[in-house]
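See structure below.
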Amino acid sequence: LIAVVDKAHDPTSPQLESWVSQHGISDYFSSGESAFIGVCSPSQESKERFSWHAECLAPLFWALNQLQEMPPLNVQIEWHSIASLREILK
């Protein structure tokens with residue numbers, strides 16, 4: 001989930017491919033996610049579609065006690081402020 005959101009927001013991220021490979025994450029991609037990650041320059045439509053996956057992260061992190069409260073639906077979360085997410089992305 002984090003990998004496809006990162007690809008959608010920063011398709012040329014040099015760290016993404018390394019992070020995915022280092023942690024064996026590609027084994028868990030759906031076929032659509034795998035195709036999206038594998039494209040060097042994804043279409044704008046694909047980037048927009050996969051960027052919406054970020055909406056799943058807020059309730060997931062809240063359920064895992066990584067957010068003290070569920071943020072309002074009309075508030076964009078500053079993902080880099082979540083310490084546990086920074087640790088995951090190392």
Side-chain angles (χ1 to χ4, degrees):
L1 187 60
I2 293 168
V4 296
V5 170
D6 188 49
K7 176 79 173 191
H9 289 174
D10 187 6
T12 60
S13 171
Q15 295 89 6
L16 179 62
E17 186 176 333
S18 171
W19 181 73
V20 167
S21 176
Q22 179 183 4
H23 297 285
I25 295 168
S26 60
D27 295 342
Y28 303 99
F29 289 152
S30 69
S31 58
E33 291 168 338
S34 189
F36 177 67
I37 290 287
V39 174
C40 291
S41 297
S43 69
Q44 185 63 31
E45 178 185 340
S46 291
K47 289 188 291 187
E48 289 172 2
R49 186 170 13 122
F50 280 100
S51 70
W52 278 101
H53 286 76
E55 299 300 319
C56 300
L57 290 173
L60 177 62
F61 274 87
W62 174 75
L64 295 171
N65 294 317
Q66 301 305 305
L67 294 173
Q68 289 188 341
E69 58 185 44
M70 183 69 176
L73 297 177
N74 63 342
V75 173
Q76 189 170 7
I77 296 173
E78 184 59 47
W79 297 109
H80 297 291
S81 68
I82 302 172
S84 58
L85 182 57
R86 288 194 309 266
E87 284 298 312
I88 291 168
L89 296 175
K90 284 187 179 180

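Residues: numbered from 1 along the sequence shown.
Q68 contributes atom CD, which lies 11.0 Å from atom CD of Q66 (distance to the nearest 0.5 angstrom). Atom-to-atom distance recorded for L67:CG and L60:CG is 9.5 Å, nearest 0.5 angstrom. Note that OG1 of T12 and NZ of K7 are 8.5 Å apart. Values are rounded to the nearest 0.5 Å.
Residues V5 and V39 are members of separate hydrophobic clusters, defined by side-chain heavy-atom contacts under 4.5 angstrom among Ile, Leu, Val, Met, Phe, Trp and Tyr.
In this structure the side chain of W19 never reaches within 4.5 angstrom of the side chain of D6, judged on heavy atoms. The shortest side-chain heavy-atom distance between L57 and L1 falls under the 4.5 Å cut-off.
By the 6.0 Å contact criterion, CG on L64 is enclosed, its count of non-hydrogen atoms from other residues, nucleotides or ligands being greater than 12.
I37 and A3 get closest at one heavy-atom pair: CD1-O, 3.8 Å. Considering all non-hydrogen atoms of both residues, E33 and S30 come closest at OE1-N, 2.8 Å. S51 approaches A8 most closely through the heavy-atom pair N-CB, 3.5 Å.
E45 places no side-chain N or O within donor-acceptor distance of the main-chain N or O of S43, the cut-off being under 3.5 Å. Between the side chain of S34 and the backbone N or O of S31 there is no donor-acceptor pair closer than 3.5 Å.
Applying the ring pair (Phe, Tyr, Trp, His ring centres under 6.0 Å) definition to pairs two or more places apart or across chains, those involving residues 42-61 are F36-F50, F50-H53.
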